[in-house]
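Labels below follow one simple rule: chain letters A, B, ... track the order of the sequence lines, proteins then strands, and each chain is numbered from 1.
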Amino acid sequence: MNEKHAPDTPDIPDIFLKPYDPAEHEDALYNTWEESGFFNPDVCIEKGVTAADAEPFSIVLPPPNVTGTLHMGHASMLAVEDILVRYNRMQGKRTLWLPGTDSAALATQSKVEGIIYKKEKKRRHEIGREELLKRIDTFAEASKDTIIGQTKKLGSSLDWSRYAFTLDETRYAAVMEAFVRMYDKDLIYRGARSVNWDPNLQTTVSDDEVDYVEQGDPFYYFKYGPFTIGTVRPETKFGDKYVVMHPDDERYKEYMHGQQIEVEWINGPITATIIKDEAADPEMGSGVMTITPWHSAVDFEIAERHGLDKEQVIDERGCLLPIAGEFAGQHIKKARAAIIERMQEKGLVEKIDEAYVHKVATNSRGGGTIEPQIKEQWFIDVNKEFIMGPSEISGVSESDTVTLKSLMRTVVDNGQIDILPERFMRVYKHWVDNLHDWCISRQIWYGHRIPAWFKDGEVKVQITSPGDGWKQDSDTLDTWFSSGLWTMSTLGWPEETDDFKTYHPTTVLETGYDILPFWVARMILMSTCLTGQIPFKNVYFHGLVRDEKGKKMSKSLGNISDPLDMIEKYGADATRLSLIVGAAPGNDIPLSENKVRAYKKFANKLWNISRFTLTNIIDADFTQKPTHSDRDKEILDTLRSTVAEISDDIENFNLYLAAEKAYHYVWHDLADKVLEESKPVLNGDDTEATYARQYVLRECLVTSLKMLHPFMPYVTETIWQQLPKELKESEHELLMVTKWPSK
RNA sequence: GAGCGAUUAGCUCAGCUGGUAGAGCGCUACAUUGACAUUGUAGAGGUCACAGGUUCAAGUCCUGUAUCGCUCACCA
């Protein structure tokens with residue numbers, strides 16, 4: 001053997017003479033990857049790193065909203081997905097990870113409206129539809145650029161050539177097509193129903209977008225003829241002419257269903273009708289209530305059951321209508337006190353409970369208090385039976401009679417879609433079973449305009465105008481309508497594209513468990529209904545990233561940590577690892593800066609392991625197969641079994657275990673044991689043993705780099721670039737497309 | 001009100017189909033200028049929330065209790 005090299009030998013790259021500095025390498029490396037084209041599976045096939053008939057692996061990125069910037073939750077999502085994608089790409093699969101952003105209609109419009117109002121004190125109607133849309137587009141465009149930049153910083157190996165935006169031309173067309181097809185199947189209908197109306201944003205919102213916020217309000221007991229009724233909302237009571245009680249309530253058995261009585265009410269005497277309905281809870285208060293069908297979903301249902309009149313009391317802006325008599329025109333917030341005063345004068349107030357706490361419906365998308373209203377809206381009917389088209393769903397054949405609900409149940413019940421962690425399967429089923437018709441129209445401007453046309457009371461649903469005099473519905477679609485089509489529309493549906501044929505159903509959907517109902521369920525609904533395919537084979541829910549105290553990160557709490565800060569301080573690799581280790585599927589991830597720092601040290605450890613190894617093998621000629629000692633074989637065995645375990649863990653989505661094992665192996669096995677005990681061997685006189693050990697160390701280094709690459713792409717690729725030329729060439733110039741070590 | 005989850009070292013959490021309690025961070029002692037803007041070696045620290053049960057054997061399976069958290073629904 002030749003003479004040994006000192007650590008400062010000129011033969012190993014100078015780069016190793018100082019600690020690993022992520023900032024120095026990351027951006028350039030990302031550019032190298034991107035320019036190589038290997039993020040795109042077509043290029044991988046072209047350049048021979050992937051077989052043209054290899055098994056496909058696809059993930060469509062859950063598109064971040066164009067409302068702002070990425071947070072740690074996005075970072076954790078990107079880390080998980082990039083690990084899966086890089087692993088499968090190295091496995092030689094045709095691997096596609098498709099990026100995009102979401103217009104997030106209501107959230108974005110309300111954000112931009114807010115900005116405009118703050119600066120110019122102008123409301124949307126003063127600005128006009130076209131101008132507002134222009135401004136939202138400008139905002140969305142800027143936000144989109146920020147998001148893409150941040151996504152790249154994390155090392156995400158997304159195929160940017162396939163980038164999609166929910167409002168771009170292809171996606172818009174898909175949404176229109178989906179609407180028309182579902183309308184034609186009678187799955188979309190228009191009807192007057194009780195909906196959640198936001199008087200601030202002047203739009204409906206879906207049930208899932210309503211947050212119930214606890215609030216204290218006085219609870220009033222009023223005399224209503226012979227009865228006592230209670231309410232927190234006296235301003236809705238003007239039109240209450242039905243009094244409801246449970247049919248079995250003994251206290252009121254003298255009153256008959258349909259019986260009419262005269263009662264003195266806010267603005268004078270009215271005729272009230274007795275209604276017996278099981279919705280009235282005898283245990284609650286007096287067991288008697290009056291109803292306001294126009295402004296309560298529950299009351300609406302009671303009124304529907306008995307065919308009762310429904311009258312609007314409050315208008316869309318929250319002001320009282322003429323039915324309120326002298327209170328008409330007043331805003332409900334102001335009117336309440338005056339109404340109570342009047343009731344007291346009339347002696348109709350029995351008592352007031354000041355300490356009453358209840359939950360008030362508010363719009364989670366930054367709006368105000370929800371006022372239920374009956375409005376003519378578009379709905380998706382989840383219980384309507386229809387004839388299934390061509391089907392690849394097991395258990396469902398073409399021309400079977402199905403409902404959207406039954407489809408949604410079937411694909412999960414029969415295991416075609418696997419949900420991880422398992423407990424969310426139960427949450428999903430529970431949600432599907434309780435699903436109501438989905439109100440999909442919104443009275444906002446930013447979004448996909450509903451392809452419905454009106455003329456003289458007639459309605460036509462089609463993509464282009466039916467002709468002169470037809471006016472398009474001014475409403476837009478709920479943002480989740482287009483999101484529900486995401487796996488399909490990004491791959492080119494409704495066209496029969498190669499992408500769609502190859503990559504749909506997608507392999508994995510990876511997202512936060514908080515959007516199971518909004519998104520996951522709706523993609524299943526849309527895809528099964530419109531394509532007869534499931535949208536994805538596996539659902540992997542990651543937890544929510546919380547601060548070190550376990551609190552949810554939110555703007556209002558001001559405890560948001562910015563992934564970019566972490567990347568700047570500790571590098572993208574360390575940031576990624578800190579979001580993976582300890583993050584079992586579905587478990588929330590408490591993130592502390594200490595944790596990120598610890599993984600930065602690990603990157604540096606790997607750096608030094610590489611430096612040591614390269615220094616000690618640089619003079620060896622690896623053309624000969626060495627004769628291994630028993631210990632050599634043992635070291636290689638451990639390496640192989642580690643690779644096998646890690647591969648299994650990744651395939652089972654146990655990334656947290658895989659990352660931890662890789663970390664443990666590299667630091668506490670390879671570095672602490674193997675390298676330490678190799679020092680005397682490498683410096684010994686037995687050239688045969690030295691060579692054999694050099695061979696082993698090279699193997700350990702190369703394999704460790706591959707094994708760690710999905711988790712820490714930057715530092716591993718940086719080191720890979722420093723490996724001797726012949727070593728890289730026997731594999732590939734870029735680590736990201738070398739083959740994963742075989743088990 | 002219903003459902004789901006958690007309870008294991010000072011902190012954050014692993015512990016998959018039951019077989020002598022683990023990791024990271026922190027702490028203590030010693031060593032080390034070394035491949036390492038340090039690292040290594042050793043160590044302290046746990047009745048695995050509580051009570052029953054199944055079993056040769058229970059953090060692990062079953063039942064119940066307590067506390068905390070989340071989700072959904074209702075609240076006239």
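Rounded to the nearest Å, the gap between the P atom of rC27(B) and that of rC11(B) is 15 Å. Across the C1' atoms, rC74(B) and rC61(B) are found 36 Å apart, a figure rounded to whole Å. One C1' atom belongs to rU60(B), the other to rG19(B), and the distance between them is 11 Å to the nearest Å. Taking atom P in both rC25(B) and rU39(B), one finds a spacing of 9 Å when rounded to whole Å. Here the separation of rG22(B) from rC48(B), taken at their C1' atoms, is 12 Å to the nearest Å. For the C1' atoms, the distance linking rG46(B) with rC4(B) amounts to 28 Å, nearest Å. Taking the P atoms as reference points, rU12(B) lies 15 Å from rG69(B), given to the whole Å. Taking the C1' atom of each, rG53(B) and rC16(B) are spaced 25 Å apart, rounded to whole Å.
For rC74(B), there is no paired base (Watson-Crick or G-U wobble, both distances below 3.5 Å). Base-pair partner of rU17(B): not found among the strands shown (Watson-Crick or G-U wobble, both distances under 3.5 Å). Shown here, rU54(B) forms no base pair; nothing in the strands shown gives a Watson-Crick or G-U wobble contact with both key distances under 3.5 Å. Searching all strands for a Watson-Crick or G-U wobble partner of rG24(B) with both distances below 3.5 Å returns rC11(B). Judged by Watson-Crick or G-U wobble contacts below 3.5 Å, the nucleotide rU47(B) has no partner. For rC68(B), the paired base is rG5(B) (Watson-Crick or G-U wobble, both distances below 3.5 Å). Of all nucleotides present, none satisfies the Watson-Crick or G-U wobble test against rG59(B) with each distance under 3.5 Å. Across all strands shown, rU41(B) pairs with rA29(B); the Watson-Crick or G-U wobble distances both stay below 3.5 Å.
Checking rA73(B), rA35(B), rA37(B) against the side-chain heavy atoms of Arg611(A) singles out rA35(B) as nearest. Taking only side-chain atoms of Arg423(A), from C-beta outward, the nucleotide of rA35(B), rG5(B), rG40(B) with the closest atom is rG5(B). Distance from the side chain of Val298(A) is smallest for rC74(B) among the nucleotides rA14(B), rA35(B), rC74(B). Candidate nucleotides rA14(B), rA73(B), rA35(B) were compared by shortest atom distance to the side chain of Glu676(A), and rA35(B) ranks first. Which of rG40(B), rA35(B), rG24(B) sits closest to the side chain of Tyr663(A) comes down to rG24(B). Checking rA14(B), rG40(B), rU39(B) against the side-chain heavy atoms of Asp672(A) singles out rG40(B) as nearest. Of the listed nucleotides (rC25(B), rG40(B), rA35(B)), rA35(B) has the atom at the smallest distance from the side chain of Asn608(A).
Residue Tyr212(A) contributes atom OH, which lies 10 Å from atom P of rC72(B) at whole-angstrom precision. Between the CD atom of Glu660(A) and the P atom of rC13(B) there is a distance of 14 Å, rounded to whole Å. Going from atom CZ of Arg597(A) over to atom C1' of rG26(B) covers 12 Å, rounded to whole Å. Atom P of nucleotide rC25(B) and atom NZ of Lys600(A) are separated by 16 Å, given to the nearest angstrom. Put simply, NZ on Lys673(A) is 20 Å from P on rA35(B), counting in whole angstrom units. Straight-line distance from the CD1 atom of Ile370(A) to the P atom of rC74(B): 14 Å, rounded to whole Å. Going from atom CG of Asp649(A) over to atom P of rA14(B) covers 15 Å, rounded to whole Å. As rounded to whole Å, 11 Å separates atom P of rA6(B) from atom CZ of Phe424(A).
With hydrogens and angles ignored, a donor-acceptor pair closer than 3.5 Å exists between the side chain of Lys679(A) and the base of rA35(B).
Within 4.0 Å of Leu657(A), counting heavy atoms only, lie sugar-phosphate atoms of the nucleic acid but no base atom. His668(A) comes within 4.0 angstrom of the backbone, heavy atoms only, and of no base. Within the nucleic acid shown, Tyr513(A) has no heavy atom closer than 4.0 Å to any nucleic acid atom. Among the heavy atoms of the strands lying under 4.0 Å from Ala671(A) is at least one base atom, whether or not backbone atoms are also near.
Within a 6.0 Å radius of NZ in Lys569(A), other residues, nucleotides and ligands contribute 12 heavy atoms or fewer. Within a 6.0 Å radius of CD in Gln722(A), other residues, nucleotides and ligands contribute more than 12 heavy atoms.
Looking at heavy atoms from C-beta onward, Lys405(A) lies in side-chain contact with Val432(A) at the 4.5 angstrom threshold. Residues Pro372(A) and Val195(A) fail the side-chain proximity criterion, which asks for heavy atoms closer than 4.5 Å.
At the phosphate of rC16(B), neither OP1 nor OP2 sits under 4.0 Å from any side-chain N or O atom of Asn654(A).
Under the 90° criterion around 0 for the glycosidic angle, rG59(B) counts as syn. Against the 90° criterion about 0, the sugar-base torsion of rA37(B) places it in the syn range.
A salt bridge links Arg409(A) to Asp413(A): one of the charged nitrogens lies within less than 4.0 Å of a carboxylate oxygen. Electrostatic pairing of Lys276(A) and Asp248(A) does not count as a salt bridge here, judged by no charged N lying under 4.0 Å from a carboxylate O.
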Is there a ring pair (Phe, Tyr, Trp, His ring centres under 6.0 Å) between Tyr252(A) and His246(A) once you walk through the steps?
CA-CA 9 Å; Tyr252(A) 307 111; His246(A) 198 279; over 10 Å; no
Given Phe602(A) and Tyr663(A), is the ring pair (Phe, Tyr, Trp, His ring centres under 6.0 Å) satisfied, shown in steps?
CA-CA 8 Å; Phe602(A) 178 56; Tyr663(A) 175 93; 4.5 Å; yes
Show your working on side-chain hydrogen bond (donor to acceptor under 3.5 Å, both in side chains) between Trp294(A) and Asp299(A) and close with a plain yes or no.
CA-CA 8 Å; Trp294(A) 201 280; Asp299(A) 294 0; over 6 Å; no
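Mapped onto RNA chain B by nearest heavy atom, Trp667(A) and Pro282(A) fall at different nucleotides, with Trp667(A) at the one closer to the 5' end. Both Asp281(A) and Ala583(A) lie near RNA chain B, and the one whose nearest nucleotide falls closer to the 5' end is Ala583(A).
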